[in-house]
**Q** 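This structure is in structure tokens; I'll ask about it shortly.
Note that the structure is a prediction, hence the values are computed from the model and not measured.
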Amino acid sequence: KMNKYCLRSPVIHDVPSIYRDLFRQMQDKNDVASVKGFLYMLCSLFYRELDESAEDSFSSSLKLLSSIFIYIENNIDKPCTLHDLSKELRYNESYLSRIFFKHTGISYSDYVRNIKIDRACYLLRNTDENIFSIAQKCGYTTHSSFNRSFKQIKGITPQEYRAELTTKSAN
């Protein structure tokens with residue numbers, strides 16, 4: 001069935017098997033963070049196949065950026081600080097920050113916070129878990145920091161967000 005969706009490319013070898021493996025990994029995951037991680041991984045695979053021989057500074061920056069996205073997706077349930085990232089990837093924090101902003105137009109910390117809140121919204125919509133449990137699954141250690149971040153991004157608290165969802169589904 002998937003063959004009709006697969007690219008036919010002389011550059012990328014065995015695209016159908018790459019798709020099949022990635023889609024198998026994604027079958028049980030449908031939260032925003034997992035889907036974004038899947039898309040980044042897919043783009044990374046294509047990029048590697050298309051530009052494997054180029055080792056200029058631009059391509060190495062993009063490879064580093066791919067590693068950053070993968071790190072964020074794999075550690076979204078932790079604080080996921082720039083300091084932690086720099087230790088993991090063995091790069092200077094300010095260099096990572098510059099590269100990330102240069103290619104995305106958003107700061108690393110703002111991006112991570114947005115991803116965490118997107119995941120929280122998904123969990124608030126699709127589970128009955130309590131708010132603090134959701135905060136922990138999104139890498140927040142305190143209820144107050146979670147509420148503050150959520151309100152900065154969404155304009156309302158997590159409790160208000162869930163209440164709005166309940167009201168909308170009742171109508």
**Q** Which atoms form the tightest heavy-atom contact between Arg162 and Leu124, and what is the distance?
**A** NE-O, 3.4 Å
**Q** Would you find a donor on one side and an acceptor on the other, under 3.5 Å apart, between the side chain of Asp110 and the backbone of Ile106?
**A** no
**Q** I'd like to know whether the aromatic ring centres of Tyr108 and Phe101 sit less than 6.0 Å apart in this structure.
**A** no
**Q** Let's go through Asn92 and Ser86 carefully: what are the C-alpha distance in whole Å and the side-chain angles of both, what is the deciding distance for side-chain contact (heavy atoms from CB on, under 4.5 Å) to 0.1 Å, and is it a yes or a no?
**A** CA-CA 6 Å; Asn92 178 285; Ser86 72; over 6 Å; no
**Q** Would you mind reporting whether Asp84 and Lys78 have side-chain heavy atoms less than 4.5 Å apart?
**A** no
**Q** Rounded to the nearest 0.5 Å, how far apart are CD1 of Ile134 and OG1 of Thr127?
**A** 4.0 Å
**Q** What pair of heavy atoms forms the shortest contact from Cys121 to Tyr161, and how long is it?
**A** CB-OH, 3.5 Å
**Q** Assert yes or no for the condition that the ring centre distance of Phe69 to Tyr111 is strictly below 6.0 Å.
**A** yes
**Q** Shortest non-hydrogen contact from Leu65 to Thr104?
**A** CD1-CG2, 4.3 Å
**Q** Can you confirm whether more than 12 heavy atoms, excluding those of Tyr91, are under 6.0 Å from its OH atom?
**A** no
**Q** Could you walk me through whether Ile156 and Lys151 satisfy the side-chain contact (heavy atoms from CB on, under 4.5 Å) test, starting with their C-alpha distance in whole Å, then the side-chain angles of each, then the deciding distance to 0.1 Å, before giving a yes or no?
**A** CA-CA 5 Å; Ile156 57 176; Lys151 190 163 186 165; 5.9 Å; no
**Q** Can you confirm whether Cys138 sits close enough to Ile117 that some side-chain heavy atom of one is under 4.5 Å from a side-chain heavy atom of the other?
**A** no
**Q** Between Gln136 and Asp77, is any pair of side-chain heavy atoms under 4.5 Å apart?
**A** no
**Q** If you measure only the distance, is there a donor-acceptor pair under 3.5 Å linking the side chains of Ser97 and Ser94?
**A** no
**Q** Got a second to check how far Lys154's NZ is from Glu164's CD, nearest 0.5 Å?
**A** 11.0 Å
**Q** For the residue pair Leu89 and Ser67, what are the closest heavy atoms and their distance?
**A** CD2-CB, 4.1 Å
**Q** Do Cys80 and Leu85 come close enough that some side-chain heavy atom pair is under 4.5 Å?
**A** no
**Q** Is it the case that the side chain of Glu160 and the backbone of Thr157 share a donor-acceptor pair, with hydrogens and angles ignored and the cut-off at 3.5 Å?
**A** yes
**Q** Got a donor-acceptor contact below 3.5 angstrom from the Asn130 side chain to the Ser133 backbone?
**A** yes
**Q** List the atom of Phe132, the atom of His143, and the distance in Å for their closest heavy-atom pair.
**A** CE1-N, 3.8 Å
**Q** May I ask you to test the Leu64-Phe100 pair for a side-chain heavy-atom distance under 4.5 Å?
**A** no
**Q** Under a 4.0 Å N-O cut-off, is there an ion pair linking Lys137 with Glu129?
**A** yes
**Q** How long is the gap from NE2 on His103 to CZ on Arg98, to the nearest 0.5 Å?
**A** 11.5 Å
**Q** For a quick test of reading the model, state the closest non-hydrogen atom pair linking Arg125 to Leu165 and the distance between them.
**A** CG-CD1, 3.3 Å
**Q** With distance as the sole test, does Ser66 use its side chain to make a donor-acceptor pair with the main-chain N or O of Leu62 at under 3.5 Å?
**A** no
**Q** Within the 4.5 Å heavy-atom criterion, are Lys116 and Phe146 side-chain neighbours or not?
**A** no
